[in-house]
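Notes follow the structure.
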Amino acid sequence: MSIADNITLAKNALGPGVSLVAVSKYQPLGPITEAYDAGQRLFGENHAQELQVKAPALPPDIEWHFIGHLQSNKIAHVVPHAQYIDSVDTEKLLYKIDDAAQRAGKTINVLMQVRVADELSKTGFTPLALLRFFAQRGYDRLKATRIRGIMGMATNTPNKERVDQDMRRIRAIYDEIRHIAPDLHGFDIVSMGMSQDYPEALAAGTTMVRLGTAIFGPRPQK
Ligand SMILES: *Cc1c(COP(=O)(O)O)cnc(C)c1O
């Protein structure tokens with residue numbers, strides 16, 4: 001199946017209310033261009049250096065999502081190229097992104113990453129810390145950053161019940177934030193679901209999925 005076929009299949013499965021970020025990490029320009037030519041416009045990268053090389057080499061109407069753990073010293077490399085940072089995992093990072101966006105003279109969209117999975121390796125706010133951030137209106141001091149929603153990952157397990165539970169938990173946290181911060185305009189994204197688990201994410205009410213291998217096939221190794 002071609003990349004274009006994969007995109008058509010995915011879009012049909014998602015329906016009109018769910019957006020698709022094609023995760024192009026480690027993919028060379030050829031396959032990304034193929035996806036672009038098939039109409040795909042949202043792409044995800046998780047390394048600053050890769051984004052820095054790819055973004056200027058590809059059409060300017062691509063919406064780039066940075067989806068990896070972002071180190072402070074890489075913020076200035078990412079902000080000029082990304083429209084979204086989907087993986088804000090500390091308040092400190094959020095405010096540094098805001099400073100960098102101001103310096104770059106642009107407004108950046110972000111998603112706050114919440115951690116519900118068991119694995120120690122997964123980064124993100126605990127649900128409690130994230131709810132506290134919104135209850136305390138930590139977003140009021142942002143000048144060049146729009147918090148557009150949250151991002152989460154389910155436990156990496158073949159146990160579909162567990163995955164389903166994690167997805168529902170992420171969705172519930174999103175609903176709770178909308179409840180405690182009703183004045184937060186444009187807060188309308190819950191990004192969850194990858195190639196392995198997007199059916200569970202759909203059932204739980206995702207609005208944005210991040211698909212890599214389901215679109216491009218297996219990733220080239222780095
Ligand atoms: C790599 C990656 C994806 C895509 O993973 P696939 O299993 O290839 O769909 C999604 N989200 C994040 C944060 C990633 O790093």
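Predicted model only: the values in this text are computed from it and were never measured. Indexing begins at 1, ligand by ligand and atom by atom, following the structure's order.
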Partner of I108 under side chain to side chain contact (heavy atoms under 4.5 Å, CB included), picked from I85, L142, V78, is I85
Would you call the rings of Y95 and F133 parallel, tilted or perpendicular, taking 30° and 60° as the class edges? tilted
Any idea how W64 and F43 line up, ring-wise: parallel (<30°), tilted (30 to 60°), or perpendicular (>60°)? tilted
Salt bridge (Lys or Arg N to Asp or Glu O under 4.0 Å), that's the test. Do R41 and D61 meet it? Break it down for me. CA-CA 7 Å; R41 290 295 179 271; D61 62 337; 3.2 Å; yes
Test the R148-Y84 pair against the cation-pi criterion, namely NZ or CZ under 6.0 angstrom from the six-membered ring centroid and within 45° of the ring axis. no
Consider every N or O of Q196 and every N or O of ligand 1, then say whether any pair is closer than 3.5 Å. no
Kindly confirm or rule out an N or O of G212 lying under 3.5 angstrom from an N or O of ligand 1. yes
is_close_aromatic(Y26, F216), centroid dist under 6.0 Å: no
Numbering as shown, the atoms of ligand 1 that approach [X] to under 4.0 Å (heavy-atom distance):
X    : value
L211 : 9 (O)
M153 : 13 (C)
T213 : 6 (P), 7 (O), 8 (O), 9 (O)

Hey, mind stepping through D140 and R137 against salt bridge (Lys or Arg N to Asp or Glu O under 4.0 Å) and telling me if it holds? CA-CA 6 Å; D140 274 344; R137 306 181 62 92; 2.8 Å; yes
Proximity of K25 to ligand 1 by residue part, where a heavy atom lies under 4.0 Å: side chain
Which residue supplies the protein heavy atom nearest to [atom], what is that atom called, and how far is it?
atom                    : answer
atom 9 (O) of ligand 1  : S195 OG, 2.5 Å
atom 10 (C) of ligand 1 : M194 SD, 3.2 Å
atom 12 (C) of ligand 1 : I67 CD1, 3.6 Å
atom 11 (N) of ligand 1 : R210 NE, 2.9 Å

